[in-house]
There are 4 protein chains.
Amino acid sequence: MGGTMDGTKQQRRGNTRQRIQDVALELFAEQGYEKTSLREIAERLDVTKAALYYHFKTKEEITVSLFEDLTKPLENLIEWGRGQPGTLETKREILRRYSEALKDAQPLFRFMQENQATVRELRIGDTFKDRVRGLRDILIDTEAPLVEQVRCFSAVFTLHAGMFVMADLEDDPEKRRAAVLEVAMDLVTQAHESTHGKS
Amino acid sequence: MGGTMDGTKQQRRGNTRQRIQDVALELFAEQGYEKTSLREIAERLDVTKAALYYHFKTKEEITVSLFEDLTKPLENLIEWGRGQPGTLETKREILRRYSEALKDAQPLFRFMQENQATVRELRIGDTFKDRVRGLRDILIDTEAPLVEQVRCFSAVFTLHAGMFVMADLEDDPEKRRAAVLEVAMDLVTQAHESTHGKS
Amino acid sequence: MGGTMDGTKQQRRGNTRQRIQDVALELFAEQGYEKTSLREIAERLDVTKAALYYHFKTKEEITVSLFEDLTKPLENLIEWGRGQPGTLETKREILRRYSEALKDAQPLFRFMQENQATVRELRIGDTFKDRVRGLRDILIDTEAPLVEQVRCFSAVFTLHAGMFVMADLEDDPEKRRAAVLEVAMDLVTQAHESTHGKS
Amino acid sequence: MGGTMDGTKQQRRGNTRQRIQDVALELFAEQGYEKTSLREIAERLDVTKAALYYHFKTKEEITVSLFEDLTKPLENLIEWGRGQPGTLETKREILRRYSEALKDAQPLFRFMQENQATVRELRIGDTFKDRVRGLRDILIDTEAPLVEQVRCFSAVFTLHAGMFVMADLEDDPEKRRAAVLEVAMDLVTQAHESTHGKS
DNA sequence: CATGAATGAGCATTCATTCAT
DNA sequence: AATGAATGAATGCTCATTCAT
């Protein structure tokens, strides 16, 4: 406290907003949204609770901002997907890119996966559902038989699950990601081929 | 007040414990564990909070009891599975029975899926993880290539997801279950065959 | 603390609700509604804040209950007045009784007079306005010339003001009340006679 | 941003202090002193809270300044009154001028009437009481019978009440003012004549 | 088998105020 | 003449839990 040039305080200037987001996400993912109090976040940052309120109007707003910032890449991906033809190759490319994108958004996704009940109440809930629906619309052929639709859905879910739950199957996250992606690809491919035939 | 034959109070006698569990599970699944207060549960049952404490020592205990009661069938299933040979047919039967079991435990599973962060803190967390691990050990061949292990994991997840998230793919829950089960079966079959060859 | 038979704690049983109301009214009147915190009320009663919430759902509810309890006599008076013929004697009797009633409701009225801005926001606001309007309707002849209407209004206000603001005109509250009542009576009498003639 | 001729900012130059007072008074009168935060005032003016502190040392100082600026005319009136002989005509003239003065100070008076509890705590409280006392000393003959003193007090109160509370008796504020003034005059006249005889 | 009354700890939020720039 | 960033203290309110009756 009160250091002169050690940068401890200096560094903090101007990026407090960012630091709040970081700590918040970390704690939300770790202990859940409800169990993480603003006091805790503030303490971790060595500021007062009131400082948080200078940067965000409410606790929910912190979450929303988190979501909006970290979710952009996915949004772009979906946008891109919508412009492509509905070929198998498009679908496979979507999965590839999605898997990549998830890597960066990991903590956010963990937070959302583990706090679904909470997320549903927050404003994000709907936005997120829209996003997942967007993905679904690209991957899934509504005309296809139900089983094939499920296969595609399952592909997406496998990707999600691969990030956290399968952690004890394989330590190296990159290897895990590759394996998970392969399974997802297979699922989508199977679905596509049994609907459109192998072209 | 002091009525003799209205039955409203009579009926309630003796099964309060059960009723607490029912209401608690319903609310936990609907709004999340943290957001459901004992006051709310008590109000819904038209008793006082203190009455809950006559039947359960803590809020957590309500949850644990819920979990223990509703989870028995799964436990039995795993027990059964462990005694069987590791053939493909065993695995497929496990999936069949698991899918069936999930049907009854639906609200519990919804609660667990949507409140993972909370569940982790509660004592249940580990117990549940043990259980899932048990399932995994039966389905997954630790020697098999990573991709095939993922496929099996994915099968289990697909079963879970099928209960809630895929609701908008198909209205009829029975048809949905059938399709989901089929996909899960395919995944396990594929995994088995590419590891052991088609026997 | 921890006395055995001195009644300090004994006395408190069962009338906490009442005691909350008493202290609340006292403080509201003394320092204003907004400046009186629940902490303060609780401390004065030597209970915790949470205890207040066992008896009242919100701070506003304390106020509403206060108002409802203390305002009954006035309500009855207005009810009575409505059933009487619109003669001068009725009006004078109303003033007499109103003056009497105000005596008991003194602290409440002080609170309302001194916190008008607050009262307006609270639910009471409207109820109270209705009540005053009821009184007005009995005393004031809507057909009468504006000046006479004002005279009647002024009579009511004089009664109110007499309770607090005129305190330094005369120490003895009973003498004060008599004088104030006389002025109010004169005002209403004047208004009545110049509208209906001296009958 | 940085526009040269839009005038929006230009106009605001140099009179910020004045504008703070205006907005503050408006909000104080509308929602009460306690319920009006500096944040709200600042937002309404499109400046930061800190800007307010450039112009006023505290929230209370804003209020005091308001009071001092808007109260001058009354002060002058009382000054004038003190120099006059205590005749009925003087008293009547005081009422006439007071009624006029109230017209301009309306929002201030509304603020003071509706936030009496608050005003009492502020430094203004006493100053204001002095002022009202000054008025009283001119209008009221301390030797006169109590009833007549009350009548005079009532006159002043009628004038105050006429500004807000009687609004629903008559829409046209000028007519209302005239009627109210007439009643007040009558009261004072009566008081004077029954004390000194009709001269 | 249950209630009435209360507690202690905590929470999200707001406020008036400060100060370096 | 004003801002950006922050503080310290308080507020209304909720929660899980306790215990005498």
Side-chain angles (χ1 to χ4, degrees), chain A residues 9 12-17 20 34-42 45-62, chain B residues 9 12-17 20 34-42 45-62, chain C residues 9 12-17 20 34-42 45-62, chain D residues 9 12-17 20 34-42 45-62:
Chain A
K9 279 263 171 187
R12 290 190 174 155
R13 271 287 150 56
N15 60 341
T16 306
R17 201 191 136 95
I20 292 172
E34 321 276 357
K35 282 216 162 171
T36 304
S37 72
L38 295 188
R39 178 182 51 72
E40 212 173 346
I41 298 178
L45 289 168
D46 204 37
V47 294
T48 53
K49 269 184 295 169
L52 305 188
Y53 279 92
Y54 176 76
H55 295 281
F56 299 94
K57 267 209 284 282
T58 61
K59 188 183 180 186
E60 178 166 356
E61 217 198 74
I62 299 183
Chain B
K9 279 265 173 185
R12 288 186 178 157
R13 271 274 165 65
N15 59 342
T16 306
R17 202 189 135 93
I20 293 172
E34 321 276 357
K35 281 213 161 172
T36 303
S37 69
L38 295 187
R39 178 176 54 68
E40 214 173 344
I41 298 177
L45 289 167
D46 207 36
V47 295
T48 50
K49 269 184 294 171
L52 305 187
Y53 279 89
Y54 178 81
H55 294 282
F56 299 95
K57 265 209 288 284
T58 63
K59 188 185 181 185
E60 179 166 355
E61 218 197 74
I62 299 183
Chain C
K9 278 264 171 185
R12 288 189 175 153
R13 273 285 153 56
N15 60 340
T16 307
R17 202 190 136 95
I20 293 171
E34 321 276 357
K35 282 217 160 171
T36 303
S37 71
L38 294 188
R39 180 182 49 72
E40 212 174 344
I41 297 177
L45 289 169
D46 203 37
V47 294
T48 54
K49 267 184 295 168
L52 305 188
Y53 279 92
Y54 176 77
H55 294 281
F56 299 94
K57 267 210 285 285
T58 61
K59 188 184 181 186
E60 177 166 356
E61 219 199 72
I62 299 183
Chain D
K9 279 263 173 188
R12 288 184 178 161
R13 273 272 165 64
N15 59 342
T16 306
R17 201 190 136 94
I20 293 172
E34 321 277 356
K35 281 213 160 172
T36 303
S37 70
L38 294 188
R39 180 178 51 71
E40 212 174 346
I41 297 177
L45 288 168
D46 207 35
V47 294
T48 51
K49 268 183 295 170
L52 305 187
Y53 279 90
Y54 177 82
H55 294 282
F56 299 94
K57 265 210 286 284
T58 63
K59 188 184 181 186
E60 178 166 355
E61 217 197 76
I62 299 183

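Quick note on labels: first sequence line is chain A, next is B, and so on, each numbered from 1.
Comparing D:E40 and A:E40, the nucleotide of DNA chain E nearest to each residue sits closer to the 5' end for A:E40. Residue order along DNA chain E, read from the 5' end via each residue's closest nucleotide, puts C:L52 first among A:A50 and C:L52. If C:T58 and B:E34 are placed on DNA chain F by their nearest nucleotide, the residue sitting closer to the 5' end is C:T58.
Looking at B:K49, its side chain has no donor and acceptor atom pair within 3.5 Å of the base of E:dT3.
OP1 or OP2 of E:dC11 sits under 4.0 Å from a side-chain N or O of A:R39. Between E:dC1 and B:Y54, a contact under 4.0 Å exists linking OP1 or OP2 to a side-chain N or O. Contact annotation: C:S37 does not reach the phosphate of F:dA10 (side-chain N/O to OP1 or OP2, under 4.0 Å). Phosphate proximity of F:dC13 to C:Y53: present, with a side-chain N or O under 4.0 Å from OP1 or OP2. Between A:T16 and F:dA6 there is a side-chain N or O to OP1 or OP2 distance below 4.0 Å. Considering only side-chain N and O atoms, D:H55 lies under 4.0 angstrom from the phosphate OP1 or OP2 of F:dA2.
In terms of heavy atoms, D:E34 sits closest to C:K35 at OE2-CG, 3.4 Å.
Taking atom NZ on D:K59 and atom P on E:dT17, their separation rounds to 8 Å, with Å as the unit. Rounded to a whole Å, the CD1 atom of B:I62 is 14 Å from the P atom of F:dC15. We find that CD1 of C:I20 is positioned 11 Å from P of E:dA5, with the value rounded to whole Å. The CZ-C1' distance, from C:F56 to F:dT14, rounds to 18 Å in whole Å. Note: CG (B:L45) to P (E:dT3) measures 10 Å, nearest angstrom. Between the CG atom of D:D46 and the C1' atom of F:dA1 there is a distance of 15 Å, rounded to whole Å. Across the protein-nucleic acid pair, D:N15 atom CG and F:dA2 atom C1' stand 15 Å apart, rounded to whole Å. One can place CD1 of B:I41 at 11 Å from C1' of F:dA16, the figure rounded to the nearest angstrom.
For the atom pair CZ of A:R17 and CD1 of A:I62, the computed distance is 9.5 Å after rounding to the nearest 0.5 Å. Interatomic distance, OG1 of C:T36 versus NZ of C:K59, reported as 6.5 Å (0.5 Å rounding). From B:T48, atom OG1 reaches atom OH of B:Y54 across 13.0 Å, with rounding to the nearest 0.5 Å. A distance of 11.5 Å separates CG of D:L52 from OG1 of D:T58, quoted to the nearest 0.5 Å.
Nearest to the side-chain atoms of A:L38 among the listed nucleotides F:dT11, E:dA12, F:dA16 stands E:dA12. Here the nucleotide nearest the side chain of A:T48, chosen from E:dT3, F:dT14, F:dG8, is F:dG8. Out of F:dT3, E:dT17, F:dA5, the shortest distance to the side chain of D:A51 is found at F:dT3.
Between C:I20 and the choices C:N15, C:L38, C:L45, the side chain to side chain contact (heavy atoms under 4.5 Å, CB included) rule is met once, by C:L45.
Here F:dA2 sits opposite E:dT21 as a Watson-Crick or G-U wobble pair (both hydrogen-bonding atom distances under 3.5 Å).
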